[in-house]
Number of protein chains: 2
Amino acid sequence: MVNKRELFQILTRRLGLLNKNCCDYKSLDISLVQSHILYEIRRQDYPSIQQVAETLGFDITTFSRQIQTLVRKRLVSKVQAPEDKRVYLLSLTDKGFLVEEQIDKKLNTYLDEIFSHLSPEEQKKVIDAATLLNRAMLESDTCCLPPL
Amino acid sequence: MVNKRELFQILTRRLGLLNKNCCDYKSLDISLVQSHILYEIRRQDYPSIQQVAETLGFDITTFSRQIQTLVRKRLVSKVQAPEDKRVYLLSLTDKGFLVEEQIDKKLNTYLDEIFSHLSPEEQKKVIDAATLLNRAMLESDTCCLPPL
DNA sequence: TAATATATTTGTATTTTGCAAGTACTTGTT
DNA sequence: AACAAGTACTTGCAAAATACAAATATATTA
């Protein structure tokens, strides 16, 4: 039997590096964490700060400040929710959307390059397996959640 | 066709969270980064500081300090190489080895739990695909390397 | 209305990070 | 041999990230 930790440690690290290199745009001054935040705000429909922080497994106080930074950079817009004024709803500004799109394109290009080293059948296998694994992690209740 | 970025963004994040939660032992005062360093030192044979920093895609100055911290914690031993006194060779102390082993066990337990949500065939598919993907990333020369 | 709960922010202290510059040692060139 | 250039690592410094505790603002409940 394969050593799972070995396998996934390397995989996780490489995927992490991929993200880091792709999205750590010096020119845009976007950190890896910030690129994850942009991604998640784009995906969710006007999420609250807490919602995004939870999704990303982040401490909320750190998160609050990260959002402030992104708002200052005019990448994220933060509006008080009319139905509950404690909550602030997040969305991407036009500029934020463009940046996110740019990162998305770049990452897809990198992924395509990686996939070009695989045969079409292998590519399908990897896609299917990633989907399976995602599902399994979602079903697991001990893993992949924010720290206790 | 699936959106690869979407798929892998989630996968990467979940795997990252898995690592974070597993290894961020409050009691031991080990950070995620430090657990990666312990892993890599265990895996390599008396690597130099530079070697490990490169493997992990880390800035060497940050790394130098992280090693100092681990040495202070008596988890890592750092010895000047006799054949080239500029180089310092790293290895785990007994204590460091025990900590690494503990993290390794915990991570494998978590991974087993995730895999328990898959059928035996699915498990094999995931393992095979992860191996394929690792290979493809290794073959790629544009991805997964330390930043330019 | 008071007490309690929730979402977010701020105060503060610590840690991490990375650039530039430094030290220590080695290798190559003349 | 001597000295220039290169390599491995460290340190100074300043900025950013982080997290705990406490504060603020609003909502809900008793």
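Note on naming: letters A, B, ... go to the chains in the order of the sequence lines (proteins, then strands), and numbering restarts at 1 for each one.
Taking atom CD of residue A:Gln68 and atom P of nucleotide C:dA7, one finds them 18 Å apart after rounding to whole Å. Between the P atom of D:dA8 and the CD atom of B:Gln51 lies a distance of 10 Å, rounded to the nearest Å. Rounded to whole Å, the distance from CD1 on A:Ile49 to C1' on D:dT26 is 15 Å. Between the CZ atom of A:Phe58 and the P atom of D:dA19 there is a distance of 7 Å, rounded to whole Å. Distance, B:Arg65 CZ to D:dG12 C1': 8 Å, rounded to whole Å. Atom CD of A:Gln34 is separated from atom C1' of C:dT17 by 14 Å (rounded to the nearest Å). B:Ile60 places its CD1 atom 16 Å from the P atom of C:dA20, with the value rounded to the nearest Å. Separating the OH atom of A:Tyr88 from the C1' atom of C:dT8 is a distance of 8 Å, rounded to the nearest angstrom.
Residue B:Gln80 places none of its side-chain N or O atoms closer than 4.0 Å to OP1 or OP2 of D:dC9. Remark: B:Gln50 is not in phosphate contact with D:dT7, judged by side-chain N or O atoms under 4.0 Å from OP1 or OP2.
If you find the closest nucleotide of DNA chain C to B:Thr61 and to B:Thr69, the one lying nearer the 5' end belongs to B:Thr69. The residue among A:Thr62 and B:Lys78 whose nearest nucleotide of DNA chain D lies closer to the 5′ end is B:Lys78.
Counting only N and O atoms by type, the side chains of B:His117 and B:Glu122 include no donor and acceptor under 3.5 Å apart. Side-chain polar atoms of B:Tyr39 and A:Glu6 form a donor-acceptor pair below 3.5 angstrom.
You'll find a donor-acceptor pair under 3.5 Å spanning the side chain of A:Arg86 and the base of C:dT6, going by distance alone.
Remark: B:Lys20 is positioned above the aromatic ring of A:Phe58, its terminal NZ or CZ atom under 6.0 angstrom from the ring centre and at most 45 degrees off the axis.
Among the candidates A:Val126, A:Asn108, A:Leu18, A:Leu107, the single residue satisfying the side chain to side chain contact (heavy atoms under 4.5 Å, CB included) test with B:Phe8 is A:Val126.
Taking only side-chain atoms of A:Ser64, from C-beta outward, the nucleotide of D:dT10, C:dT8, C:dT16 with the closest atom is C:dT8. Residue A:Val87 has its side chain nearest to C:dT8 when only D:dT18, D:dC9, C:dT8 are considered. Of the candidates D:dC9, C:dT26, C:dT8, the closest approach to any side-chain atom of B:Asp84 belongs to C:dT26. Closest to the side chain of B:Asp59, from the set D:dC9, C:dG18, C:dT8, is C:dG18. Distances were taken from every side-chain heavy atom of B:Lys85 (C-beta onward) to each of C:dT26, D:dC20, C:dT9; the shortest belongs to C:dT26.
With respect to B:Arg135 and B:Glu139, a salt bridge is recorded, a charged nitrogen being found less than 4.0 Å from a carboxylate O.
Using a 4.0 Å heavy-atom distance criterion, A:Phe63 is classed as making no nucleic acid contact.
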